[in-house]
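First the structure, in the form of structure tokens, and then the observations on it.
Bear in mind that the values here come from a model prediction, so they are computed numbers and not experimental data. Heads up: numbering here begins at 1 and tracks the sequence. Counting starts at 1 for both ligands and their atoms, in listed order.
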Amino acid sequence: MKKTVLVSGGAGFIGSHVTVELIGAGYDVVVADNFSNCDRTCYEGVKKITGRQDLPLEVMDFCDAAAVKALFGKYKIDAVIHFAAFKAVGESVEKPLMYYKNNLMSFLNVLETAQEKGCNVLFSSSATVYGEPDAVPVTEATPRKPATSPYGNTKTMCEDILRDAVKASNGKLKGILLRYFNPIGAHPSALIGELPRGVPNNLVPFITQTAIGKRECLNIFGNDYPTPDGTCQRDFIDIVDLARAHVYAVTRMIEGKMLEPCEVFNVGTGRPLSVMELVNAFEKVNGVKVPHKFAPRRAGDITAIWADPTKANTQMGWKATRTIEETLKAAWAWECHLAGK
Ligand code: UD1
């Protein structure tokens, strides 16, 4: 029988790509979102890509415990992937209580109900939990560092909450923590992608918006870092590769193939790329200019971080496959699609 996966925050950037891959792998998906940080573009795009015009959509807030209970009553859910959370680092520094309330409350509601129903939980964590690492690449055993923002802290706290809940559940609750590095790109169909509201905080949407003329100039924050070219280094992971990692993780949970009741995996390529290298690659592969200048360092930025993805490669059997050229082409195609070009 087909298994059903609930994707909270399923209309967002990562959630929509994950929904496409889950459906492609034969799962039924229930998308739930309160549209607080996205519109219906990606939900509609998912329906087009998958041909699933009947894709269930529940417009709801995961901070509403009664609504979460009702949702789990309405569908027989085998696993839940929890994305529904605020994610802007700077905003979290200004509005910490809003971040703690939203990100913790929604996850607690999901966990309480999932535990009651004996449903598997996949939490979307982040490489932010490693802070400024003492050595790169980072493995899952690399010690976490104190978070540098309330946003980052909600990731660390949710990891701990899931671990504790799994431990206390006597096998009733199983969980996987996926630590994402820097997800970028868009679906090759250019029907779904990243849709930041206002001025983008993240690098790639800023690049694509500058290339298309929506922004005048990209500021490259810092060229005096102790890296080969002076700009920060990251592990940029293609969004479709990242989405596929969720299918592997969910299948592993549902089929009872986990080695521990709460597992953690890095989801990255293992390939460091500097900000400057990324900008150059974007210009080259797409044949467009990205006006840019060097600007002072951005507060809270990490010098260099990339994943050692060996554990996900060997234990889950997942590996990133898309080249940076494919990824940057897809990001540009999406921006052009949005601009109607
Ligand atoms: C941040 C978060 C991370 C989150 C990710 C995706 C932290 C420390 N980081 O990662 O948790 O998962 O966003 O939402 O919490 N840059 C520029 N110019 C720009 C924008 C960015 O030079 O206009 C540079 C940054 O200085 C950085 C790199 O590009 O060196 C990547 O920045 P960004 O895309 O914002 O991601 P992170 O800060 O790595």
Pull out every atom of ligand 1 sitting under 4.0 Å from any heavy atom of [X], numbered as shown with elements.
X: Val89; value: 2 (C), 7 (C), 15 (O)
X: Asn219; value: 17 (C), 18 (N), 19 (C), 22 (O), 23 (O)
X: Cys232; value: 30 (O)
X: Thr128; value: 7 (C), 8 (C), 11 (O), 15 (O)
X: Ile220; value: 22 (O)

Please report which non-hydrogen protein atom sits nearest to [atom], along with the residue it belongs to and the distance in Å to one decimal place.
atom: atom 38 (O) of ligand 1; value: Arg298 NH2, 3.0 Å
atom: atom 20 (C) of ligand 1; value: Asn201 O, 3.5 Å
atom: atom 27 (C) of ligand 1; value: Arg234 NH2, 3.7 Å
atom: atom 4 (C) of ligand 1; value: Tyr151 OH, 3.7 Å
atom: atom 33 (P) of ligand 1; value: Asn202 ND2, 3.4 Å
atom: atom 36 (O) of ligand 1; value: Asn182 ND2, 3.1 Å

- Query: Would you call Ser126 a ligand 1 contact, heavy-atom distance under 4.0 Å?
  - Reply: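 For ligand 1, residue contact (heavy atoms, under 4.0 Å) with Ser126 is present.
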- Message: Tell me whether Lys87 reaches ligand 1 (any heavy atom closer than 4.0 angstrom to a ligand atom).
- Response: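 Outside the 4.0 Å threshold, so no.
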Please classify the [X] to ligand 1 contact at 4.0 Å (heavy-atom distances, strictly less than): side chain, backbone, both or neither.
X: Tyr180; answer: neither
X: Asp301; answer: side chain
X: Thr148; answer: neither
X: Thr231; answer: neither
X: Leu203; answer: both

- Determine, considering heavy atoms only, which of Phe236, Phe294, Phe221 sits nearest to atom 19 (C) of ligand 1.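 The residue whose heavy atom sits nearest atom 19 (C) of ligand 1 is Phe221.
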- Message: Could you check whether any side-chain heavy atom of Trp332 comes within less than 4.5 Å of a side-chain heavy atom of Val285, counting everything from C-beta outward?
- Response: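 Counting from C-beta outward, Trp332 and Val285 never come under 4.5 Å.
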Looking just at side-chain N and O atoms, do [X] and [Y] make a donor-acceptor pair shorter than 3.5 Å?
X: Glu159; Y: Ser125; answer: yes
X: Thr269; Y: Asp235; answer: yes
X: Tyr151; Y: Glu91; answer: no

- Does Phe35 have Arg40 sitting over its ring (NZ/CZ under 6.0 Å from centre, angle to axis within 45°)?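 Relative to the ring axis of Phe35, which defines the angle, Arg40 lies inside both limits.
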- Query: Of Arg244, Lys47, His187, which meets side chain to side chain contact (heavy atoms under 4.5 Å, CB included) against Val20?
  - Reply: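 That would be His187; it is the only one of Arg244, Lys47, His187 passing the side chain to side chain contact (heavy atoms under 4.5 Å, CB included) with Val20.
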- Would you please indicate yes or no on a ring centroid separation below 6.0 angstrom for His246 and Tyr27?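 Distance test on ring centres: not under 6.0 Å, no.
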